[in-house]
**Q** 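Before we start, here is the structure in question, set down as structure tokens.
Worth knowing before you read on, the calculation uses all heavy atoms, side chains too, and leaves out hydrogens, waters and symmetry mates. Since this is a predicted model, take the numbers as computed values, not measurements. We're numbering straight along the sequence, starting at 1.
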Amino acid sequence: MKENLENSTENILQNIAEDLSAINGTCTEIKESQLNCATADDLNNMGTTITSTVTEKVDEMQTSIETQMQTVNEIGSNLTTKVNDLKTEITNKIDDFTANPPVQKIEKTIRIAKESWQVYLAMFIAVFTFIFFGATTIWQESRI
């Protein structure tokens, strides 16, 4: 009975070890399947998150590009207008410079200089003196 007891104890221990090994393998398979399932769900969630983030960034970039294109178009049209105005102005100036014959407007203005009052005063005094001496001479002659 001792042998049976020893055999049965070894068999029981061996059966327990095999059962534990099977349970361990099953637990390992369950863990792996849980990890795989969690990884697949995480990948799906991450894919959705990445897709939405990329979509938002692309929309922001598209809006920024449209705004920048509008600004560049406005600057281009303003620059074109200014260059055309400059071209027209330069053309007009060159045409005015090279006109055959050049047109000149002549204005004649007669003005009395500020210092000319002295000449008029001298002439007035001379005429007045001549008249005074003439009148004095005539008066003296008539008295004699």
Side-chain angles (χ1 to χ4, degrees), residues 5-144:
L5 194 57
E6 285 181 13
N7 270 342
S8 68
T9 308
E10 286 178 13
N11 284 340
I12 291 174
L13 288 176
Q14 189 175 2
N15 286 339
I16 291 173
E18 288 175 3
D19 287 342
L20 285 175
S21 175
I23 291 172
N24 188 21
T26 305
C27 286
T28 304
E29 288 177 12
I30 291 171
K31 286 179 186 177
E32 287 177 3
S33 67
Q34 285 177 345
L35 287 174
N36 287 339
C37 288
T39 305
D41 289 341
D42 288 343
L43 285 177
N44 286 336
N45 291 337
M46 186 179 288
T48 304
T49 304
I50 289 172
T51 301
S52 64
T53 304
V54 167
T55 303
E56 288 175 16
K57 292 298 179 184
V58 166
D59 289 342
E60 288 175 11
M61 288 171 49
Q62 183 66 27
T63 304
S64 175
I65 288 170
E66 289 172 357
T67 304
Q68 290 175 1
M69 285 179 60
Q70 182 179 4
T71 304
V72 167
N73 287 337
E74 289 173 4
I75 290 171
S77 66
N78 288 342
L79 186 60
T80 302
T81 303
K82 296 292 183 183
V83 168
N84 287 338
D85 291 345
L86 180 64
K87 178 183 169 187
T88 303
E89 188 69 25
I90 288 173
T91 304
N92 289 340
K93 294 291 182 182
I94 289 174
D95 289 345
D96 289 345
F97 183 74
T98 59
N100 289 327
V103 177
Q104 294 180 354
K105 186 176 182 181
I106 300 173
E107 292 182 12
K108 187 173 182 181
T109 305
I110 300 173
R111 296 185 182 166
I112 299 173
K114 292 180 182 178
E115 56 272 351
S116 66
W117 67 271
Q118 296 167 346
V119 173
Y120 293 124
L121 181 63
M123 288 175 54
F124 176 74
I125 291 173
V127 169
F128 181 74
T129 305
F130 180 73
I131 292 173
F132 177 72
F133 284 118
T136 307
T137 305
I138 293 174
W139 180 67
Q140 286 293 337
E141 285 297 323
S142 66
R143 237 178 53 164
I144 298 180

**Q** Rounded to the nearest 0.5 Å, how far does CD1 of I138 lie from CZ of F133?
**A**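 So the CZ of F133 and the CD1 of I138 are separated by 14.0 Å.
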**Q** What's the separation between atom CD1 in I125 and atom CZ in F128, rounded to the nearest 0.5 Å?
**A**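 Atom-to-atom, I125:CD1 and F128:CZ are 9.5 Å apart.
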**Q** Under the side chain to side chain contact (heavy atoms under 4.5 Å, CB included) test against S64, which residue among M61, Q68, E60 passes?
**A**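 Exactly one pass, corresponding to Q68.
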**Q** Among T55, T49, T53, which residue satisfies the side chain to side chain contact (heavy atoms under 4.5 Å, CB included) criterion with T51?
**A**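 For T51, the side chain to side chain contact (heavy atoms under 4.5 Å, CB included) test succeeds with only one of T55, T49, T53, which is T55.
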**Q** With a cut-off of 3.5 Å and sequence neighbours excluded, list every side-chain donor-acceptor pair involving residues 78-86.
**A**
| residue | atom | partner | partner atom | Å |
| --- | --- | --- | --- | --- |
| N78 | ND2 | E74 | O | 3.4 |
| T80 | OG1 | G76 | O | 2.7 |
| T81 | OG1 | S77 | O | 2.9 |
| N84 | ND2 | T80 | O | 3.3 |

**Q** Pairing donors with acceptors under 3.5 angstrom, does anything connect the side chains of Q62 and E66?
**A**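 Distance-only check passes for Q62 and E66.
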**Q** Calculate, to the nearest 0.5 Å, the distance between atoms CZ and OG1 belonging to F132 and T137 respectively.
**A**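 Spacing of CZ (F132) from OG1 (T137) equals 9.5 Å.
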